[in-house]
Amino acid sequence: MKGLLNILLAIAGIILAASLPTLIAGWLLGEWRWQEYVESIRLTVVGLWPVGDITFFHYRAGQEIALFPNVFAYIAYSLEILFIALIAAVAVSLALTVATMLLPEKVRERVKMALYFLESIPDLLIIMTAQLLVIAFFKQTGILVSKIAVAGDDRIYWLPVLCLAILPTIQLYRLAMLTFQEEERQMYVELARALGFSKVYIVLVHMFRNAIISVFFQSKKTMWFMLSNLFVLELMFNLPGIMLFLSGNMNPMGFLVAIFSFFLPMFLLYSFGEWFFVARQRKKAVA
């Protein structure tokens, strides 16, 4: 019931937010257009059915086409880039964290200071640097390791995924380091050391399974951070994703489709993760 209530409240909030441009346009003119805002909400809700009649302007084709099922191609491409980058960021950051925790304390502190600096690098700089490196490598060797922009119906993956994953990897790496160091000060770690367990075993078995829960919940902020960078990424690489679709269809219906396409997968992912970890903790407490 709690999950159902959360998703209903979220859907209501998204619908209310979809019509906010009407209010904002009035505020810019010093007017309160509450009636127009309510009417926009009504038209948005009514316009959701039948879904087969909803259309949008396809800027690549230069004509109006049906929203469904054509929009699924935009949604699928964006979600592929987003979740591949997230999985890569989590896997790499955890691997680096485990390796760093095996190093001396002084080295770990230096690594954390470096991460604070690297985390401040703008995402736009990373994207432009990656594109320039690909061009420079092509000029020197004649080998094109990746396209730097999409043309027509092409798809590129590894370079956009790499650019989107770099900053989240650094962010998760720093957060995971703090979490592991906090776990290192717990009594069970001292007990494991007293029993003669090796440092590698303590980090990989005892600390990892406890720290991964905190890292999972911290990744929510990382996901929102990645979403904010996704629009820049799609613009710089000319990716036919949902963010670029939204920029060319800034209306309540387009906004609803774009937000729902990200909200539902993320809601299901983190709801399942929360249920899994909470159920695991309860089972452990009972045992």
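Keep in mind that this is a model prediction, so the values were computed, not measured.
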[atom1] of [X]: more than 12 outside heavy atoms within 6.0 angstrom?
X      : atom1 : answer
Lys147 : NZ    : no
Arg110 : CZ    : no
Trp224 : CH2   : no
Glu190 : CD    : yes
Gln140 : CD    : no

### Message
Salt bridge check, Glu184 against Arg108: does any charged N sit closer than 4.0 Å to a carboxylate O?
### Response
yes
Please name the pair of heavy atoms, one in [X] and one in [Y], separated by the smallest distance, quoted to 0.1 Å.
X      : Y      : result
Ala89  : Ala165 : CB-O, 4.0 Å
Phe137 : Ile143 : CD2-O, 3.6 Å
Ser93  : Leu172 : OG-CB, 3.6 Å
Leu167 : Ile121 : CD1-O, 3.4 Å
Leu115 : Ile170 : O-CG2, 3.7 Å
Met226 : Ala85  : CE-CB, 3.5 Å

[X] versus [Y]: any side-chain heavy-atom pair under 4.5 Å?
X      : Y      : answer
Phe208 : Val203 : no
Leu86  : Leu82  : no
Lys220 : Met266 : no
Val205 : Phe197 : no
Met207 : Gln186 : no
Val200 : Leu102 : yes
Val145 : Trp158 : yes

#### Entry: Tyr77-Tyr157 aromatic ring centre distance below 6.0 Å
yes
#### Entry: Phe216 and Tyr270 aromatic centres sub-6.0 Å
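Under 6.0 Å, so yes.
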Nearest 0.5 Å please: distance from the [atom1] atom of [X] over to the [atom2] atom of [Y].
X      : Y      : atom1 : atom2 : answer
Ile135 : Leu144 : CD1   : CG    : 9.5 Å
Asp123 : Ile166 : CG    : CD1   : 11.0 Å
Met101 : Leu204 : CE    : CG    : 11.0 Å
Leu133 : Gln131 : CG    : CD    : 10.5 Å
Glu234 : Tyr74  : CD    : OH    : 10.5 Å
Leu230 : Leu79  : CG    : CG    : 9.0 Å

### Query
Is there a side-chain hydrogen bond (donor to acceptor under 3.5 Å, both in side chains) between Lys221 and Gln171 once you walk through the steps?
CA-CA 10 Å; Lys221 297 179 181 178; Gln171 186 181 80; over 6 Å; no
### Query
Counting N and O atoms only, with roles assigned by atom type, does the side chain of Asn238 sit under 3.5 Å from a partner on the main chain of Val150, one being a donor and the other an acceptor?
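Checking the backbone N and O of Val150 against the side chain of Asn238, a donor-acceptor pair under 3.5 Å is found.
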Are [X] and [Y] joined in one hydrophobic group, where the rule is that I, L, V, M, F, W and Y side chains link up if heavy atoms are under 4.5 Å apart?
X      : Y      : answer
Met113 : Met177 : no
Ile84  : Ile87  : no
Ile212 : Leu175 : no
Leu125 : Leu132 : no
Leu164 : Leu124 : yes

### Task
Under the side chain to side chain donor-acceptor pair (under 3.5 Å) rule, collect the residues that match up with Arg174, sequence neighbours excluded.
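Arg174: side chain to side chain donor-acceptor pair (under 3.5 Å) contacts with Glu119.
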### Task
I would like to know whether Leu159 and Phe237 meet side chain to side chain contact (heavy atoms under 4.5 Å, CB included); could you show each step before the answer?
CA-CA 9 Å; Leu159 190 60; Phe237 283 96; 3.7 Å; yes
### Query
Using the ring of each side chain (for Trp, its six-membered ring), is Tyr201 parallel, tilted or perpendicular to His206, with breaks at 30° and 60°?
perpendicular
### Given Leu96, Val90, Val92, the one that forms side chain to side chain contact (heavy atoms under 4.5 Å, CB included) with Leu94
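Output: one option passes, namely Val90.
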### Query
Which is it for Glu109 and Lys106 under the salt bridge (charged side-chain N to carboxylate O under 4.0 Å, His left out) test, yes or no, and what are the steps along the way?
CA-CA 5 Å; Glu109 292 302 318; Lys106 291 183 179 180; over 6 Å; no
